[in-house]
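Below is one structure; the comments refer to it alone.
Convention: sequence-line order gives letters A, B, ...; per-chain numbering from 1.
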2 protein chains.
Amino acid sequence: MESLQNPPKDKAMEVLSKAIAESRFFTIVGRCEVDYRGRASSKLGEGERMLMVKEDRSLTVHKKDRHAPVNYQRAGCELSVSCEGEAIKLTSKNAGEVLSARFSGIKFIGVFQMEDDEDLSLVGKEKDLSSLVQAEPHLIEPGLVPLEMEKSIRTGGIDVYARDKEGNLVVVELKRRAAGLDAVTQLKRYVGEIRRLHKEKVRGILCAPSLTPNAREMLASEGLEFIPLDPSIEHMEQGRVKLIKSQKRIDQF
Amino acid sequence: MESLQNPPKDKAMEVLSKAIAESRFFTIVGRCEVDYRGRASSKLGEGERMLMVKEDRSLTVHKKDRHAPVNYQRAGCELSVSCEGEAIKLTSKNAGEVLSARFSGIKFIGVFQMEDDEDLSLVGKEKDLSSLVQAEPHLIEPGLVPLEMEKSIRTGGIDVYARDKEGNLVVVELKRRAAGLDAVTQLKRYVGEIRRLHKEKVRGILCAPSLTPNAREMLASEGLEFIPLDPSIEHMEQGRVKLIKSQKRIDQF
DNA sequence: GCGATCAGCGGCACG
DNA sequence: CGTGCCGTTGATCGC
């Protein structure tokens, strides 16, 4: 680990060159301007920011606020550092994209070695909701029998493919969050696809905590159904999902 | 600016408390475990990472690689720091979400003051493409007359609303990147809406650099059209867009 | 404030 | 590799 405050230019060049050569994690804090050109083109005038380079040679430029970086470069880029008069310029090239940060003053350089073998484990994604529904399909509807989860068809993937107690095919689209028009168009597409393939009655059910008004209207006009489902993280962790009784279901015939 | 290497626990507590109280930008590098609970729930076992807090009290936790943070909290959270035996625990609460990072060892603390008045200016968004089309509608089709840009209807916004040289209404959906099924469903929805309102012939045109096979098929089956358009950043900056001649247009009648 | 869409979206999983 | 879609998506703009 190495940390420098207000390093002279030569020392800064030396430390940065070494950090780049050794693929280290390092940060620079200082006054800079940043240019980017690739899928889009951006210019950031002079100001003080923190630039971060990680061991995979991904690069981010951070302003003093906003959690998201103001500029970035994806992992695997080719890094170089050079002098431009009294300034130090760091350039990153990657797949037709170029980002350069020209530092007119460097207040801090930190080079860090981080031992880390642990990866994030995260619960609460749509996949987890899907598993719960597979374990307890009656939460969607009594007598529902799942045939296949994440069934992939030409035009996407069906979250739950099932038959109801009448023997009808059922396509279920699950959403962790409030469903909008996009969710309904997805479901509609899947139902259409299955209907073309099977020439029998196919029901489409959207399961989500709630539905926007436009989505509700589109769903109704397409003869699709809505089942309110509360996928709160507590239920996920406890391994169950709760039906919200207060909200009306939409049932079409 | 303050920078500490391997600070004793008391000093670390003092510096962090002050940085929090004064809403400073600061980073901590050290061995920690991170827990998050909110919209989802995550656990990150012990390892060395960099934690970053910005002046807007947004928080990110960075592993040694991956440009995106492994954990984060949005701006405006309530921060606190406390001792847990020999460890230092930083907790962030925000809108029903809690993130805590328990540091068993701190290798570095940096508190930075960053003067920055300049904001990013970025060219190459869909809006820029839209402006070009407005200036040169003949790029889409000779004789096309734009009536309205970003025309907002109940169910979204139409990029370009126009009439062709025959007097037919035209709905144009622009995409900067390769268009997929979502782009076609969007266009289809807008065209349907306009047809319901006007009871006359309405054409739908998708303008994008390319089209996925499924999207092409859906477009054709809906009687919609495709115009290949190259929105490369060079053209944007030069203030013009180029039609790609090599790709075949899809024209339905 | 909700709703819909864009984003230099990024990332994953499946064909 | 492309295609589709989820994401603790975030950010913006319009109603």
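A salt bridge is defined here as a Lys NZ or Arg NE, NH1 or NH2 lying under 4.0 Å from an Asp or Glu carboxylate O, and Glu173(B) with Lys175(B) meets this definition.
Between Glu150(A) atom CD and dG4(D) atom P the separation is 17 Å, expressed in whole Å. Rounded to whole Å, atom C1' of dC6(D) lies 12 Å from atom CG of Asp128(A).
Annotation: of the two residues near DNA chain D, Gly124(A) and Ala178(B), the 5′-most nearest-nucleotide partner is Ala178(B). If Glu126(A) and Arg74(B) are placed on DNA chain D by their nearest nucleotide, the residue sitting closer to the 5' end is Glu126(A). Nearest-nucleotide positions on DNA chain C place Arg189(B) closer to the 5' end than the other of Arg66(B) and Arg189(B).
A close approach under 4.0 Å does occur between a side-chain nitrogen or oxygen of Tyr190(A) and OP1 or OP2 of dC5(D). Distances shorter than 4.0 Å separate some side-chain N or O of Arg39(A) from OP1 or OP2 on dG10(C). Between Arg216(B) and the phosphate of dG2(D), there is no side-chain N or O to OP1/OP2 separation shorter than 4.0 Å. Look at Lys127(B) and you won't find any side-chain N or O under 4.0 angstrom from OP1 or OP2 of dT12(D). Using a 4.0 Å cut-off, no side-chain N or O of Thr155(A) falls inside it from OP1 or OP2 of dT3(D). Dashed line: the shortest gap from a side-chain N or O of Ser152(B) to OP1 or OP2 of dC15(D) is under 4.0 Å. Contact annotation: Gln186(B) side-chain N/O to dC6(C) OP1/OP2 distance is under 4.0 Å. For dG10(C), the OP1/OP2 oxygens have no side-chain nitrogen or oxygen of Arg177(B) closer than 4.0 Å. One finds a side-chain N or O of Asn214(A) lying less than 4.0 angstrom from the OP1 or OP2 phosphate oxygen of dA4(C).
With Asp116(A) as reference, Lys63(B) is the one residue of Lys63(B), Arg66(B), Lys64(B), Arg31(B) to meet the salt bridge (charged side-chain N to carboxylate O under 4.0 Å, His left out) rule.
Tyr161(B) and His198(B) have tilted rings, their planes meeting at an angle from 30° to 60° on a 0 to 90° scale.
Backbone-only contact: Gly156(B) has heavy atoms under 4.0 Å from sugar-phosphate atoms and none from a base.
In this structure, a donor-acceptor pair under 3.5 Å is present between the side chains of Ser42(B) and Asn71(B).
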